[in-house]
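Structure first, commentary second.
Within every chain, numbering begins at 1; the chains are lettered A, B, ... in the order of the sequence lines, protein sequences first and strands thereafter. No hydrogens, no waters, no symmetry mates; every other heavy atom, side chains included, goes into these values.
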Amino acid sequence: MINNNTKPEWIISSKAKNLFVSFMFIGVVAFGFTMITDSLRAWSSFLVSFFFFTSLALGGLFFVALQFLTNAGWSVNIRRYAEAMSSFLPWAFGLSIVFFLGAKNIYIWFDASNMIGDHALEGKISYLNPTSFFIRLVLFFSAWIVLQKWIMKITLADKAKDMYKKVVKPSVIFLIVFALSYSLFSVDLLMSLNPHWYSTIFGVYNFAGLFQSTLAFIILFVLYALKKSWIKGYVSENHLHDLGKLLFGFTTFWAYIAFSQFMLIWYANIPEETIYFLDRFNGEWIWVSIALLVFKFIVPFIALLPQWAKRNPSHLCAVSFLILFMQFIDVYWMVYPHYSKSVIKFSFAEVGIFLGFLGLFLYTSTKFLEKHSLIPKDDPFHDESTSHEVVY
Amino acid sequence: MMNTKNTIIQKIKTIFCKIENYIKSPTKKGTAAFWLDDHQLIKAAKEMTDSGFSGFEAVSPFPLHGIDEAMNIPRSFIPWATFFLGLTGCAFGIWFTWWVAVVDWPLNIGGKPMWSFAAFIPIIFELTILFAALGSVALMFFINGLPSVNPPILDKDITSHKFAIFIPEEEIKGRGAELEQIFNKFGAIEVKQSEF
């Protein structure tokens, strides 16, 4: 079954490298160009892409920690891709500092004088102010990066026999830290765009999107490596089937959380809360809202329902691309109504900056994959993963 | 006194016997082969399918990976039944919430429209799940002939560490010698005439 002729190694062709670098170049140009014409738009677009890719990086680390804590055997041969995604975190830290420099353009609470005089906002000044925002950003990112390095140090040292004992501690710490910090991170970055508005389920909503898109990204990595036959004999359609089941489950989870958020706000009908959905149901934004329901839940749900759908590479590839695109649209939908009320604005500024981030993300993660063997052969569960079989 | 009591007990026993015979699963005469290794059983089942035998049963204390392919069992239709039961539940939920809230007992709640779809989605969702899950379980019981009392027992160790293949008499079609050969080839520990 195992094909010994090809080594399970990721090879970045010079063409791919040039592509990533040119993406980054496009990103910088798009950002610079938009900065000159419309700085609010530039920073809004930056926020969308920054949040999207930071979530993917965190999702990768979340996946790794989860697999270690559950002592999962099946996922050992596909773990590297999730680890590679988390290697974006140090870059995200740097970009968060860049974002902080421009954040005064998009958050009205950056200037305390905007808050004074409004009773609801005055109470939030102690949390929503530039200093504590900066402290939180630095604190969250340093915690994530320290834990990422800690986990990677254990999992990449292939010879470690008691790896599964050692890795429990950082994984547990990460999951707890992640649950708290990612909620506050999404509150800081997205919810505070309208400081009046609040939703207690917002952190979970973003987590649902994070894990859904992370699984889609892992699937795409696996499919690419399979297509290049780098991991032939190690990863089969059985692994795809399990990843597909998780993707299906978290597609449903996203819809469940999104509906919970919507229904409670709709039912209570408090102006402070409904403003969020009014902004997104008025004008052209209603089409984006409907598109989210249809293409982030209904279409992937039906497309992933049959058993064959989770085992068919080209089908899974299309669904994963759709889900990743819709996750980007989801973040866009949370940010952009604050920039442009009732009119959809989507052009070079959004696509270009997204491509810039994408180039950097792919560059760092493929660099990671190139450096380390795609298959952790000394992992005690390696054989279990290689012979993994899904019956139902 | 004693006599009447005995006759009553006798009568009750006959009634129970009749019920038992009624719900007892029908058995067939045939050949049973036993293994201690489940992998050998799967190989034997594969060989049997390849040489044209069908309609035989594999008995195991736990689910065996790959036995479906080895015995050439097509995929169950239950997932489709679940899907359509779910659709039925969903349709019923939509109709029922509409009938309650609009036709039978209209109530003004917070000035919201009578037909407030968002508020009914949890109910519709729950009914979808209820119909799909309970319906599938009920259907599974029905097609498997459950609940059945007094199932035929091939061997008392079949629930702990033995694995068996049972083939009814009419499926052997006079190829008994060939069958024996397959059983022996994969190291069956025992082959006997039995009822299942």
Practice task
Assess whether atom CD of B/Gln181 is packed by more than 12 heavy atoms of other residues, nucleotides or ligands within 6.0 Å.
Solution key: no
Practice task
Side-chain contact test, heavy atoms from C-beta onward, threshold under 4.5 Å: evaluate it for B/Pro122 versus A/Met263 and give yes or no.
Solution key: yes
Completion exercise
Heavy-atom closest pair (A/Phe262 atom, B/Ala118 atom, distance to 0.1 Å) is CE2-CB, 4.0 Å
Problem - Separation between CZ of B/Phe125 and OH of A/Tyr256, rounded to the nearest 0.5 Å - result: 7.5 Å
Problem - Within 6.0 Å of CZ in B/Phe62, more than 12 heavy atoms from elsewhere - result: yes
Problem - B/Lys192 atom NZ, over 12 foreign heavy atoms within 6.0 Å - result: yes
Exercise for the section: Tell me, yes or no, whether the heavy-atom count around B/Lys112 atom NZ, taken from other residues, nucleotides or ligands under 6.0 Å, exceeds 12. Expected result: yes
Practice task
Report yes if the side chains of A/Tyr267 and B/Ile109 come closer than 4.5 Å at any heavy-atom pair, otherwise no.
Solution key: yes
Fill in the blank from the handout: For B/His65 and A/Glu389 the tightest heavy-atom approach is CE1-O, 3.9 Å
Problem - Residue B/Phe83 versus chain A: region with a heavy atom under 4.5 Å - result: side chain
Exercise for the section: Could you tell me whether B/Trp80 atom CH2 has more than 12 heavy atoms of other residues or ligands within 6.0 Å of it? Expected result: no
